[in-house]
Chemist: 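Take this structure, written in structure tokens, and hold onto it; I'll ask about it next.
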Number of protein chains: 2
Amino acid sequence: MKLEIITKTENQDIQKGIIANIRELISYKNLEPGDKLPSERMLSEKFGVSRSNLREAIQKLEFYGILNSKPQSGTFIANIGAIAMDGMLEDILRLEEPGFKSLVETRILLELKTVRLAALRRTDEDLKVLKEAIDAYETKVRAGKDAVQEDLLFHLAIARASGNSSMNTFMLIITPEIITNFEKYHVCDSNQSLLGIQEHTEIYNAIRDQNPQLAKEKMKIHFKTLYQYCYHTDDIKID
Amino acid sequence: MKLEIITKTENQDIQKGIIANIRELISYKNLEPGDKLPSERMLSEKFGVSRSNLREAIQKLEFYGILNSKPQSGTFIANIGAIAMDGMLEDILRLEEPGFKSLVETRILLELKTVRLAALRRTDEDLKVLKEAIDAYETKVRAGKDAVQEDLLFHLAIARASGNSSMNTFMLIITPEIITNFEKYHVCDSNQSLLGIQEHTEIYNAIRDQNPQLAKEKMKIHFKTLYQYCYHTDDIKID
DNA sequence: CAAACCAATCTGGTTAACCAATTTCAGAAG
DNA sequence: CTTCTGAAATTGGTTAACCAGATTGGTTTG
């Protein structure tokens, strides 16, 4: 267990090292957008790492849109300019794993928007899925069972109905961590869950009636009680 | 060029196919959190795909927190419950590439929050970086040069100062696409850029003075002019 | 009978060999 | 001298072999 964690962070460290090396290389050689990076074999030898490690790092930078590799041709620098790229690389290198507080903060931010967009854009199909999610949640709660998952599914369904792929993706990214932390800290007891039924229904109704302002209001309320339970305080500003 | 694109989307398609297969397997075998998936070799044979393709798919699901693979042991189902997992898998399978509109929408959402948090939490170090970014932007614009990159760097610096890793990451993810699209559609002309100097400075001052409300207001103004130029309309609601 | 042990086996991860498409450039053709 | 050609070298991607650690099941031992 301990060992596994060590090797994983170790692995991340060498990946960051590789990215730092690539950054240096680009800066040193004054590589510009469209220029080709040296081949993977050459770089892996130069940096003293395995080709697969190097490939992973390149793929990460590809994910962030900084590099761009073409089969049988080479890895190229994306068309975003040297200055922006250097800034991004610095950020990527300094980024750390988000804590629970960051996650919740981001989740609230996203959901106050997705619920608004969902009210504006929801299709009848979206509405059907939302209803199913809400029913599954209610059934589970009334049976006295834990319904964290069903809760999250309802919220994910809202994200889907928002019609914004980016926000949907971001919600998906933070959801598992949220679930894990909620279960770890036993955030939702049964009273809270029962209250949740009503709140969910009100949110659903607002989306159904295509009333974005009301939907946002109801979501605020939903999060406020959650916050109160979670932190035993209500001094956290939501806006 | 054409071929490359085809193979890339093709590659994504088989990855989605694999994920769909995994989903079916989990459902069919009623696998629960903590259960072990069959070995990679077995699955690759069963699905009729190469092991490397399968590994990529697994890594993607690991990114979304659904799976969890331990070296020399196996790939395990994360602790998020069957129902939530199935819903997430469905979302992952249906997700499409975000369009420009989604990106801008999400960017505005994120930035109206990061600028507020930055005003609340910025350190002196953050302030220094922000000042440098703003100066670089001004220098470039006054020289009559394109300054899209410097613009974005200022905004990324705000995200960093917000102290929220999630939002910082998300900004990094959408930034390259934004840059590409801005340059493609020639969003920023020189008049716009000159106006941007003042707007940036006002945002900076609000952050420096730790006035979150004002910072948000100034950011709104910044985006409004951007929107007007971008879409030749001002009927888009920002809130 | 239960606990300790050990070797055979299975695991994800890593490395090296291979592939097909691309690029390059010497040299032939005009 | 320029242009075309085609074979060799180079490229990222893919496959197969290999590795070290974990698991497992039977055997031994107290």
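These numbers come from the heavy atoms of this one structure, side chains and all, not from hydrogens, waters or symmetry mates. Letters A, B, ... mirror the listed sequences (proteins, then strands); counts begin at 1.
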Chemist: Whole-Å distance between D:dT10 P and A:Lys36 NZ?
Modeler: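 These atoms are roughly 11 Å apart.
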Chemist: Hey, which of these two, A:Leu37 or B:Arg41, hits DNA chain D nearer its 5' end, going by closest nucleotide?
Modeler: A:Leu37
Chemist: How long is the line joining CD of A:Glu45 and P of C:dT15, in whole Å?
Modeler: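 A:Glu45 atom CD is separated from C:dT15 atom P by 14 Å.
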Chemist: In whole Å, I'd like the distance from the CZ atom of A:Arg51 to the P atom of D:dT11.
Modeler: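 From A:Arg51 CZ to D:dT11 P: 10 Å.
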Chemist: For D:dT10, does either OP1 or OP2 sit under 4.0 Å from a side-chain N or O belonging to A:Ser39?
Modeler: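 For D:dT10, neither OP1 nor OP2 has a side-chain N or O of A:Ser39 closer than 4.0 Å.
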Chemist: It should be established whether B:Arg55 places a side-chain nitrogen or oxygen under 4.0 Å from OP1 or OP2 of nucleotide C:dG13.
Modeler: yes
Chemist: Take atom CG of A:Asp35 and atom P of D:dT11, then tell me their distance rounded to the nearest Å.
Modeler: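 So the CG-P distance, A:Asp35 to D:dT11, works out to 16 Å.
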Chemist: What heavy-atom pair brings A:Leu43 and A:Leu25 nearest, and what distance separates the two atoms?
Modeler: CD2-CD2, 3.9 Å
Chemist: Identify the two heavy atoms, one from B:Gly87 and one from A:Arg160, that lie closest to each other, and give their separation to 0.1 Å.
Modeler: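 Minimum heavy-atom separation between B:Gly87 and A:Arg160: O-NH2, 4.4 Å.
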Chemist: Just how far, in rounded Å, is P of C:dT11 from CD of B:Gln72?
Modeler: 12 Å
Chemist: From the set D:dT23, D:dG13, C:dG12, return the single nucleotide nearest to any side-chain atom of B:Ser73.
Modeler: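 The nucleotide sitting nearest to the side chain is D:dT23.
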Chemist: Starting from P on D:dA17, measure out to CD on B:Glu40 and report it in whole angstrom.
Modeler: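 Between P of D:dA17 and CD of B:Glu40: 17 Å.
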Chemist: Whole angstrom is fine here: how far is it from CE in B:Met42 over to C1' in C:dC10?
Modeler: 9 Å
Chemist: When you measure from the side-chain N and O atoms of B:Thr75 to the phosphate of C:dG12, is any distance below 4.0 Å, counting only OP1 and OP2?
Modeler: yes
Chemist: Specify whether A:Phe63 and B:Phe63 have parallel, tilted or perpendicular ring planes, treating 30° as the upper limit for parallel and 60° as the lower limit for perpendicular.
Modeler: perpendicular
Chemist: Can you confirm whether or not the ring centre of A:Phe170 sits under 6.0 Å from the ring centre of B:Phe170?
Modeler: yes
Chemist: Pick base, sugar-phosphate or nothing for A:Ser52, based on heavy-atom distances below 4.0 Å to the nucleic acid.
Modeler: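 The residue A:Ser52 makes base contact.
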Chemist: Looking across every strand, which nucleic acid part, if any, lies under 4.0 Å from B:Ser50 by heavy atom: base, sugar-phosphate, or nothing?
Modeler: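 Sugar-phosphate contact only.
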Chemist: Where the side chain of A:Glu56 is defined as all heavy atoms beyond and including C-beta, which of C:dT14, C:dG12, D:dG12 is the nearest nucleotide?
Modeler: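 Among C:dT14, C:dG12, D:dG12, the one nearest the side chain of A:Glu56 is C:dT14.
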Chemist: Show the nearest heavy-atom pair for residues B:Arg94 and B:Lys16, with the distance to one decimal.
Modeler: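 For B:Arg94 and B:Lys16, the tightest heavy-atom pair comes out as C-NZ, 4.4 Å.
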Chemist: Round to a whole Å and report the spacing from CD of B:Gln59 to C1' of C:dG12.
Modeler: 11 Å
